[in-house]
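The structure under discussion appears below in the form of structure tokens.
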Amino acid sequence: MSDKKVRVRFAPSPTGGLHLGGVRTVLYNYLFAKHNNGVFILRIEDTDQSRFVPGAEAYIFDCLKWAGLEPDESVIHGGNYGPYRQSERKAQYRQYAEKLIADGYAYYAFDSPEELEKMRIDCKTDQNPSPQYDRFTRSKMRNSLTLSFEEVSKLLSTDTPHVIRIKMPENEVVSFTDMIRGEVSFDTSLVDDKVLMKADGMPTYHLAVVVDDYLMQITHAFRGEEWLPSSPVHILLWKYLFGLNAMPQWAHLPLILGPNGKLSKRDGAKYGFPVFAMNWTDPKTGELTEGFKEKGFLKEAFINLLAVLGWNDGTEQEIFAKEQLIEKFSIERIHSGGARFDYEKAKWFNHEWIKKLPATDYMPEVKQLFEQKGIVITDENKLSKVLELVKERCHLLPDFVQQASFFFSRPDSFDTDAIKPKWNEAKRLFFAEIVRNFELTGLWNAPELEHNFKEIAAANQIKPGEVLLPLRIMLVGGKFGPHVFDIAQILGKEETIARIKLVLSLL
RNA sequence: GGCCCGUUGGUCAAGGGGUUAAGACGCAUCCCUUUCACGGAUGAAUCACGAGUUCGAUUCUCGUACGGGCUACCA
């Protein structure tokens, strides 16, 4: 098993947005595959026709492309183990279910949804609020265990709607070694007879995941912790169908929690942070759920923050590039406890990456943001210089608009209230002199301007600190931004002087 | 209700018998900066509780509590 080529898979169902937990599962699959020179597969689990959502599949691929976590094999990347969409594999599953029946491990069940509902109501007690279709109840239901051979044959030959259920053994202990939590075991008498084949001819997840993992020769299977309770069903299926030796090693990833429990998109809406990788618009309701990308996250930061939400390399390092993650990733260092998502820390990661990366990396996105605000950038060279200058003040990409638009267009308003209380005639005369001096300056650069500015202040017996803030307000509009003479240099002689004059007229 | 998983500062977490119980985010104060940031410094935890094992438990075992997940012809 260990000498086999590593093959892992991410198997989402295309029913909506791709949330944080999903992306992290993709990430861990990807990192594990790359670390081991293995193959990362994306399999679409679309066995539930009633939940089909147009566009969701393409959306998943878009997210992976953005995040830089593209699969090696998939519906669009090809591969020798297709089809990679379960709906297209429909014909393959029935034979395995039939084999299970022939071997006595499964059975036909003809109960209608109404009959199931009735059973649940009838059997419901305070002691047992959610009755299962299990070894107790199956004897009272209409299935090939209770019906005669003739009846079953007749029902089958007349195409009576039916499902196939696994027959959970009594009093067996199913256990396996999870790569993250060690040995986990279950008492089979407490597990219900899960449906394997649905009445519409499609398999359920339980059958499909086992058959497909086998057929696609998956060696390691990562999935969320929410699957742990149904793992005994999968283990048994492996045992009955392909043998435990062929079974992949399981790793049940801890959940990513929201402010209250499992992260939901409602949490995001409520607490003001994204939960999806990219914007997702529900085609039915038209409802838009914001994504990390559109919120202004860099893919490097997004991957980084997800990677360390439940994993660390044992050192103090927190900032990792994808290549480093591939090199250092190991399943042993994944935490077993769930982690609460902290949006403040997520923003910190983004800030770190904004600072770390050259501004030209994200200049196209920022340029677009500027244009959305009506500021057209013609000089990209200037833009990149400006972005470098202000990037340490930006946590999210849209912050650049606030931090840098004054370089390209005059502020709509100037915070003159910050100047007025201490404004006087001496300062007015000082700035008039500054204007004259700046107009005559031949060398337009920050050190020169600062030198002149301070000289003149001294000559007028004004402390530089008293006129620095007014100058800033004149050029920037508010109390923020980089060193004011750096700003003046980039703004250029003409615009700097124009702004000083403009604000002077407002005071 | 039952089953399963988990539990180190508000959050992410290192450490896995003897430590001053790392570090990061956030918060507070200070330094730097005559703006805002960056950077630097400082501050804050009886390791959920109770037993047991041990010379010694945050670390091992068992209980309890709490949190979470599952309990569909959904994944």
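Protein chains get the first letters and strands the later ones, always in sequence-line order, with residue 1 at the start of each.
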Considering every strand shown, what is the Watson-Crick or G-U wobble mate of C3(B) when both distances are under 3.5 Å? G69(B)

Side-chain (His351(A)) to main-chain (Glu392(A)) donor-acceptor, under 3.5 angstrom: yes

Could you give the distance separating G9(B) and G67(B) at their P atoms, to the nearest angstrom? 16 Å

Residue-phosphate contact under 4.0 Å: Asn312(A) side-chain N/O, A14(B) OP1/OP2: yes

When rounded to the nearest Å, what value does the distance between P atoms of G1(B) and C38(B) take? 48 Å

Quick one: label Gly481(A) by what it contacts on the DNA or RNA (base, sugar-phosphate, nothing), any heavy atom closer than 4.0 Å. base

Within the 6.0 Å centroid threshold, strictly below: Phe320(A) and Trp311(A): yes

Identify the nucleotide, in any strand shown, that forms a Watson-Crick or G-U wobble pair with A48(B), with both distances under 3.5 Å; if there is none, say none. U64(B)

Measure from the side chain of His483(A), starting at C-beta and using heavy atoms only, and say which of A75(B), C73(B), U35(B) lies closest. U35(B)

Geometric cation-pi criterion, Lys427(A) with Trp423(A): 6.0 Å, 45°: no

Comparing Phe186(A) with Phe341(A), nearest RNA chain B nucleotide closer to 5' gives the residue Phe186(A)

What are the two closest heavy atoms between Leu147(A) and Phe110(A), and how far apart are they? CD2-CD1, 3.9 Å

Starting from the 5' end of RNA chain B, give me the residue, Gln127(A) or His206(A), whose nearest nucleotide shows up first. Gln127(A)

Nearest to the side chain of Lys463(A) - U34(B), U35(B), A24(B)? U34(B)

Let's see if you can work this out: which of G39(B), A14(B), C12(B) has an atom nearest to the side-chain heavy atoms of Glu352(A)? G39(B)

From the set G2(B), A37(B), U34(B), return the single nucleotide nearest to any side-chain atom of Arg393(A). A37(B)

As a test of reading the structure: which of U11(B), C4(B), C74(B) is closest to the side chain of Asp48(A), going by heavy atoms? C74(B)

For nucleotides G43(B) and C25(B), find the distance between their P atoms and express it as a whole number of Å. 16 Å

Please determine, for the side chain of Glu45(A), which listed nucleotide (C5(B), A75(B), G1(B)) has the closest atom? A75(B)

Compare side-chain N and O positions of Arg333(A) against OP1 and OP2 of G15(B) and report whether any pair is under 4.0 Å apart. yes

Within the structure, does a side-chain N or O atom of Arg120(A) lie under 4.0 Å from either OP1 or OP2 of C73(B)? yes

Think Lys262(A) has a side-chain N or O under 4.0 angstrom from the OP1 or OP2 of C70(B)? yes

Any side-chain N or O of Arg165(A) less than 4.0 Å from the OP1 or OP2 oxygen of C73(B)? yes

Proximity to the side chain of Val184(A) - top-ranked nucleotide from C5(B), G23(B), A75(B): C5(B)

Pair partner, G56(B) [Watson-Crick or wobble, under 3.5 Å]: none

Between Asp213(A) and Arg9(A), is there a salt bridge with N-O shorter than 4.0 Å? yes

Rounded distance in Å between the C1' positions of U8(B) and G16(B): 12 Å

For C32(B), the Watson-Crick or wobble counterpart (both distances under 3.5 Å): none

Just N and O in the side chain of Lys198(A): are any of them under 4.0 Å from OP1 or OP2 of A75(B)? yes

Can you tell me how far P in A48(B) sits from the matching atom in C32(B), rounded to whole Å? 41 Å

If you check the Leu116(A) side chain, which of G23(B), C38(B), C73(B) turns out closest? C73(B)

Taking U54(B) as the reference, what is the distance to A41(B) when you measure between their P atoms (whole Å, please)? 46 Å

Donor-acceptor pair under 3.5 Å: do we get one between Lys194(A)'s side chain and the base of A72(B)? no

Against the side chain of Phe480(A), the closest entry in G26(B), G69(B), U35(B) is U35(B)

With the side chain of Thr204(A) defined as its heavy atoms from C-beta on, choose the nearest nucleotide among A75(B), C38(B), A24(B). A75(B)

If we take the P atom in both A65(B) and A57(B), what is their distance in whole Å? 25 Å

Is any side-chain N or O of His335(A) closer than 4.0 Å to OP1 or OP2 of U7(B)? no

Could you check Lys385(A) against Glu388(A) for salt bridge (charged side-chain N to carboxylate O under 4.0 Å, His left out), going step by step and ending with a plain yes or no? CA-CA 5 Å; Lys385(A) 224 182 288 175; Glu388(A) 282 299 336; over 6 Å; no

Under a 3.5 Å cutoff, is there a donor and acceptor pairing between the side chains of Asn312(A) and Arg333(A)? yes

